Amino acid sequence: MKNFDLAKIFFEMASYLKMKDESFRSIAYNRVALTLESMEEDVEDIYGRGGLKALEDIPGVGKNIAQKIEEYLKTGKIKSYLNLKKQTPVKLDEISMVEGMGPKKAKALFEKLGVRNLKDLEKAAKSHKISPLFGFGEKTEKNILEGIEFLKKSKGRSLLGHITPIVDEITEKLGSLKEVQEISVAGSVRRRKETIGDVDMLVASESPEKIMDFFVRLPWVAKAWSKGKTRSSVRLTQGFDVDLRIVSPKSFGSALQYFTGSKEHNIATRRIAILKGLKLNEYGVFRGQKALAGKTEEDVYRAIGLCYIPPEMREDTGEVELAQKNSLPEIIGYKDIKGDIHCHSDWDGGENSIKDMAEAARKMNYEYVGISDHTKYLRIEHGLDEKQLEERNKEIDSLNKSGRHIRILKGCEANILNDGSIDIKDESLAKLDYVIAGVHSSMKMDKERMTQRIINAMKNPNVDIISHPTGRLIQKRDEYQIDFDKILRAAKEFNVALEINSSPERLDLKDANIRRAKEAGVKMVINTDAHHKDQLKLIEFGIAQARRGWAEKKDILNAYPADKLLNYFKNAS
DNA sequence: GCCGTTTTCGGCCCGACTGTTTTCAGTCG
């Protein structure tokens, strides 16, 4: 897949062009880079299928860029890119990661001080060579040093699941002020992206000053970057930034739409507004001076001829076109899950008893809960052998018999061994309501073997679900080397569901793969993999990713009632 | 460099804030 390599090159070219003040060419390259990054089809396949002509059908790609893509596919490099790099040998991608540094400042520092990378930049700032320069000053120099410190500490982005608790607290604190009429989180947090750069919050109020004073003095604030009447920005001690915008209530909807983004989605919606002779900005939808909408997001979308688009879908990957035709898929809702079926109990070293897990699941308003303890290969997780599994089943049977709990299903999370066989006997697996199988070892296997390993596991008629199918840990461990298309075809053929693991560190399947699975007609389940009863509530993150992957209720098996779910598993094997 | 339901030429999203200026460029979202 060359899409990402090419996207990276075009992003860089866009920055270099901006440096040279060629802003419109820069926009063109940036746009193509974004398209390539989010495109599902391999650009190499497109070229193979229809040559230059087919490349030009990609939005934003014209003759010129098509030729550059061809050049890259044939020779592995792009001459004009190398030339740009030669002209200004500056690591722009590195330098612009520092808050407040962009192409223009980078250019000035290169020409005057020879700054080529992050290290040079830090050295120049530390030896106070930057502040005397024209256009720079004390503050800029200080901000550069602080920006570099921040980068070293945080790697830039935080996991969604790690920041939402504090975001909820801030929302509650601000929301309790009497001056606040409405409040919502916006930006990538509202879109539920798996990682977050900074947090955007929006408030509707007629008296913003008091709120801003309160905001920059919140107990978690380490530093206020800026403070104004409509926008303030702070860094929290937790290591990420929060932006607060305040607008008048009559613009709350349009501002929420605007600050929720994504940027690409906004560009698309604004284009539609322009085509209709309207103007869309954070203050509303306007025809000339006349405001047509602004109070709610629904009004805004309606005014430009679109139906409401859920925040999780706003990435300009086709949702705007469907909204124009009023044919968006009805994506799964946050209350549609009927039971979590990947939960561990104290039988395999989890924190809580089966009874406690069932009680916690009842509080989640579930109809059922599935206990799927590890099996014997995983010694470190106290995996159960055939005999222990039998004992555990008896406990579940007696709990179910007592009638005092929600329905408890008997499952397990078995291990897929290197050859694709399962680490526990088929007779034992057959006695369970369902079987989850997952890879927990030899994760660095080569692509062909790993793909075949998982497919072999799916061929076992007892296996119903593959847990965390790609094995990634966000920002820590890459996905296994697998041919995902082959996995999808096998999942469809053998009627095996793929898990959407809700753990904020995993989110596996991820959004793009969920969409591919859905398109391939493969069923999924959304689970938490809870090892503690408090982790059941993490399901919201899995549902959020499912929504980002456009999954509908019918695609998600544990949105079915228990009997329908069990029937599915029975008939699938 | 790309693009077209007023356009094959003339636009390309656009407003807020900062830090440096003395009227604005650069950055961000």
Side-chain angles (χ1 to χ4, degrees), chain A residues 10 13-35 55-69 80 92 95-109 130-144 147 186-191 196-202 208 212 224-233 241-247 251 254-255 257-284 286 304-305 316 324:
Chain A
F10 288 144
M13 289 181 79
S15 300
Y16 284 121
L17 289 166
K18 195 145 190 203
M19 231 178 178
K20 297 176 64 173
D21 256 327
E22 302 216 36
S23 46
F24 293 122
R25 279 175 75 208
S26 168
I27 289 171
Y29 278 95
N30 206 49
R31 184 170 171 223
V32 174
L34 280 167
T35 306
L55 290 177
E56 283 184 50
D57 286 340
I58 301 170
V61 176
K63 250 202 175 87
N64 211 302
I65 292 186
Q67 277 172 4
K68 291 197 168 67
I69 295 175
S80 54
L92 266 180
I95 288 178
S96 50
M97 276 166 75
V98 178
E99 177 91 12
M101 283 296 298
K104 295 290 171 68
K105 282 186 186 161
K107 185 186 179 194
L109 292 182
I130 292 177
S131 51
L133 296 179
F134 182 82
F136 293 81
E138 296 279 333
K139 277 243 165 115
T140 312
E141 189 169 88
K142 193 159 161 267
N143 281 338
I144 288 173
S188 50
V189 178
R190 184 158 181 251
R191 299 201 314 281
I196 304 297
D198 58 9
V199 177
D200 291 290
M201 305 205 60
L202 184 70
M212 287 303 191
W225 291 113
S226 65
K227 177 167 171 270
K229 263 197 302 191
T230 64
R231 180 188 167 191
S232 296
S233 180
D241 289 354
V242 182
D243 269 18
L244 175 64
R245 322 258 178 170
I246 303 182
V247 296
S251 296
S254 45
Q257 195 277 332
Y258 181 74
F259 290 117
T260 296
S262 67
K263 200 172 162 186
E264 293 72 40
H265 175 85
N266 286 352
I267 291 172
T269 49
R270 281 184 178 207
R271 282 221 177 91
I272 286 174
I274 291 166
L275 285 178
K276 290 182 182 293
L278 306 171
K279 188 168 95 162
L280 168 61
N281 60 24
E282 56 262 57
Y283 301 109
F286 299 90
I304 59 170
D316 192 28
Q324 274 183 303

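Throughout, a chain's letter reflects where its sequence line sits, starting with A, and its residues are numbered from 1. Please read all numbers here as calculations on a predicted model, not as lab measurements.
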Problem set entry | Those residues that, when tested against A:S254, pass side chain to side chain contact (heavy atoms under 4.5 Å, CB included) (two or more places apart) |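 Here the qualifying residues are A:S251, A:V300.
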How far, in whole Å, is [M] from [N] if one measures between their [atom1] atoms?
N	M	atom1	answer
B:dT6	B:dG11	C1'	14 Å
B:dG19	B:dC9	P	46 Å
B:dT7	B:dG15	C1'	27 Å
B:dT20	B:dT27	P	13 Å
B:dG26	B:dT21	P	13 Å
B:dT8	B:dG1	C1'	15 Å

d([atom1], [X]; [atom2], [N]) in whole Å:
X	N	atom1	atom2	value
A:D200	B:dA16	CG	P	16 Å
A:I272	B:dC3	CD1	P	17 Å
A:F10	B:dG1	CZ	P	11 Å
A:M201	B:dG29	CE	P	16 Å
A:K229	B:dG15	NZ	P	17 Å
A:I58	B:dC2	CD1	P	12 Å
A:K276	B:dT5	NZ	P	13 Å
A:R245	B:dG29	CZ	P	8 Å

Side-chain touch [X]/[Y], heavy atoms, less than 4.5 angstrom:
X	Y	value
A:K105	A:F136	yes
A:F10	A:N30	no
A:L244	A:R231	no
A:I130	A:L109	yes

For this session: Could you tell me whether the phosphate oxygens of B:dC17, OP1 or OP2, come under 4.0 Å of any side-chain nitrogen or oxygen in A:S232?
Result: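 False: A:S232 side-chain N/O out of range (4.0 Å or more) of B:dC17 OP1/OP2.
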Problem set entry | Complementary nucleotide of B:dG26, counting Watson-Crick and G-U pairs under 3.5 Å |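 Looking at the geometry, B:dG26 pairs with B:dC17.
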For this session: At under 4.0 Å between heavy atoms, which parts of nucleotides 20-27 of chain B does protein reach? Answer with one letter per nucleotide, 5' to 3': B base, S sugar-phosphate only, - none.
Result: S-----SS
Exercise. What is the per-nucleotide protein-contact pattern of nucleotides 7-14 of chain B, from the 5' end, where B denotes a base atom under 4.0 Å from a protein heavy atom, S denotes such proximity for sugar-phosphate atoms only, and - denotes neither?
Worked result: -----BBB
Could you pull out every donor-acceptor pair under 3.5 Å between side chains of residues 57-67 of chain A and any protein atom, sequence neighbours left out?
unit_1, atom_1, unit_2, atom_2, d
A:N64, OD1, A:K68, NZ, 2.6

Exercise. Nearest to the side chain of A:Y283 - B:dA16, B:dT18, B:dG1?
Worked result: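 Of the options given, the side chain of A:Y283 lies nearest B:dA16.
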Problem set entry | Of the listed nucleotides B:dG1, B:dC3, B:dA16, the one nearest the side chain of A:T230 |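 Of the options given, the side chain of A:T230 lies nearest B:dA16.
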Exercise. Syn or anti for B:dT7, taking syn as within 90° of 0?
Worked result: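 Classified syn.
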Exercise. Take atom CD in A:E138; do more than 12 heavy atoms of anything else shown fall under 6.0 Å from it?
Worked result: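 Check fails, neighbour count at 12 or below.
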For this session: Nearest-nucleotide wise, let me know which of A:K63 and A:G277 is further upstream toward the 5' end of DNA chain B.
Result: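 In this pair, the answer is A:K63.
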Exercise. Which comes earlier along DNA chain B counting from the 5' end, the contact point of A:V32 or that of A:W225, where each point is its nearest nucleotide?
Worked result: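 The 5'-side residue here is A:V32.
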For this session: First locate atom OG of A:S232, then atom CZ of A:R245, and finally report the distance between them rounded to the nearest 0.5 Å.
Result: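 Output value for this atom pair is 10.0 Å.
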Exercise. Which residue pairs satisfy the salt bridge (Lys or Arg N to Asp or Glu O under 4.0 Å) criterion with at least one member in residues 261-270 of chain A, sequence neighbours excluded?
Worked result: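 Passing the test, one end in residues 261-270 of chain A: A:R270-A:E282.
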Exercise. Is A:R190 salt-bridged to A:D200, cutoff N-O under 4.0 Å?
Worked result: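 Looking at A:R190 and A:D200, the cut-off is not met.
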Exercise. Who passes salt bridge (Lys or Arg N to Asp or Glu O under 4.0 Å) against A:E22, sequence neighbours left out?
Worked result: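 Expected list: A:R25.
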